Amino acid sequence: AVPDQGWNIAGNEIYKHVDTPMAGIIKKHYSICRGFGLNLPEEYMCLPRIFATVKLHKNPYKQRNIAGARLSSINRLVSFYIVYFVILEHILKTTVTRLNGTLGATLSGL
């Protein structure tokens with residue numbers, strides 16, 4: 001068991017302790033990136049840095065954990081997902097707009 005060093009990881013599925021060596025985690029990230037055809041340069045062969053900030057506007061105060069992906073093994077994958085979701089958002093908005101136009105015309109004709 002890992003002692004809780006102020007990270008509140010107990011019961012948190014996002015920031016939970018794993019026994020996998022760092023090299024194994026990076027290898028898994030590399031494999032996932034290769035599966036999407038993404039290159040993972042040597043300087044990206046490290047894990048994201050995790051830090052925390054306090055949510056002072058909450059009562060009681062809560063902690064916000066943040067994992068910075070810059071220059072880490074998940075950087076390219078995160079960038080890929082951002083582009084993918086921006087495209088998906090555009091497609092969904094366009095589809096909804098078209099459906100609203102179609103349904104509006106159909107409903108007004110009743």
Side-chain angles (χ1 to χ4, degrees):
V2 173
D4 184 353
Q5 298 182 6
W7 286 96
N8 272 340
I9 62 173
N12 188 331
E13 290 301 310
I14 302 298
Y15 300 100
K16 66 181 179 179
H17 175 73
V18 294
D19 288 323
T20 307
M22 187 169 64
I25 296 170
I26 292 172
K27 185 177 179 181
K28 184 173 183 178
H29 292 171
Y30 178 81
S31 175
I32 292 168
C33 286
R34 296 295 297 164
F36 284 101
L38 303 171
N39 185 27
L40 196 59
E42 187 67 33
E43 64 267 18
Y44 285 65
M45 294 293 192
C46 59
L47 293 178
R49 296 190 176 166
I50 298 177
F51 58 96
T53 185
V54 179
K55 297 179 182 181
L56 296 174
H57 61 284
K58 298 286 185 176
N59 187 8
Y61 297 143
K62 293 185 177 184
Q63 181 172 301
R64 173 181 290 140
N65 298 319
I66 302 167
R70 186 172 181 261
L71 295 178
S72 75
S73 58
I74 63 169
N75 177 278
R76 297 285 170 98
L77 196 56
V78 169
S79 298
F80 172 78
Y81 277 126
I82 288 171
V83 170
Y84 174 79
F85 284 118
V86 166
I87 293 169
L88 183 61
E89 178 186 34
H90 174 73
I91 291 169
L92 289 174
K93 282 183 177 179
T94 303
T95 303
V96 167
T97 301
R98 287 181 182 164
L99 283 174
N100 282 341
T102 303
L103 292 175
T106 303
L107 293 175
S108 66
L110 292 177

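The structure displayed is predicted, hence computed values, not measured ones.
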Please list, chain by chain and in numerical order, all residues satisfying side chain to side chain contact (heavy atoms under 4.5 Å, CB included) with P60, sequence neighbours excluded. none

Applying side chain to side chain contact (heavy atoms under 4.5 Å, CB included), can you list everything that pairs with V83, at least two apart in sequence or on another chain? I87

Any side chain to side chain donor-acceptor pair (under 3.5 Å) involving residues 66-87? Give me the pairs, sequence neighbours left out, ordered by first then second residue. H29-S73

Does atom NE2 of H90 have more than 12 heavy-atom neighbours from other groups under 6.0 Å away? no

Quick one: do I74 and I82 end up in the same hydrophobic cluster if we chain Ile, Leu, Val, Met, Phe, Trp and Tyr together by side-chain heavy atoms under 4.5 Å apart? yes

Per-pair distances, 0.1 Å, donor-acceptor, side chain in residues 31-50, under 3.5 Å, sequence neighbours excluded:
none

Side chain to side chain contact (heavy atoms under 4.5 Å, CB included) partners for L56, two or more places apart: V54, Y61

Got a sec, which residues hit side chain to side chain contact (heavy atoms under 4.5 Å, CB included) with T95, two or more places apart in sequence or on another chain? I91, L99

State plainly whether one hydrophobic cluster holds both V86 and F80, where clusters connect Ile, Leu, Val, Met, Phe, Trp and Tyr through side-chain heavy atoms under 4.5 angstrom apart. no

Can you tell me how far NZ of K28 sits from OG1 of T20, rounded to the nearest 0.5 angstrom? 7.5 Å

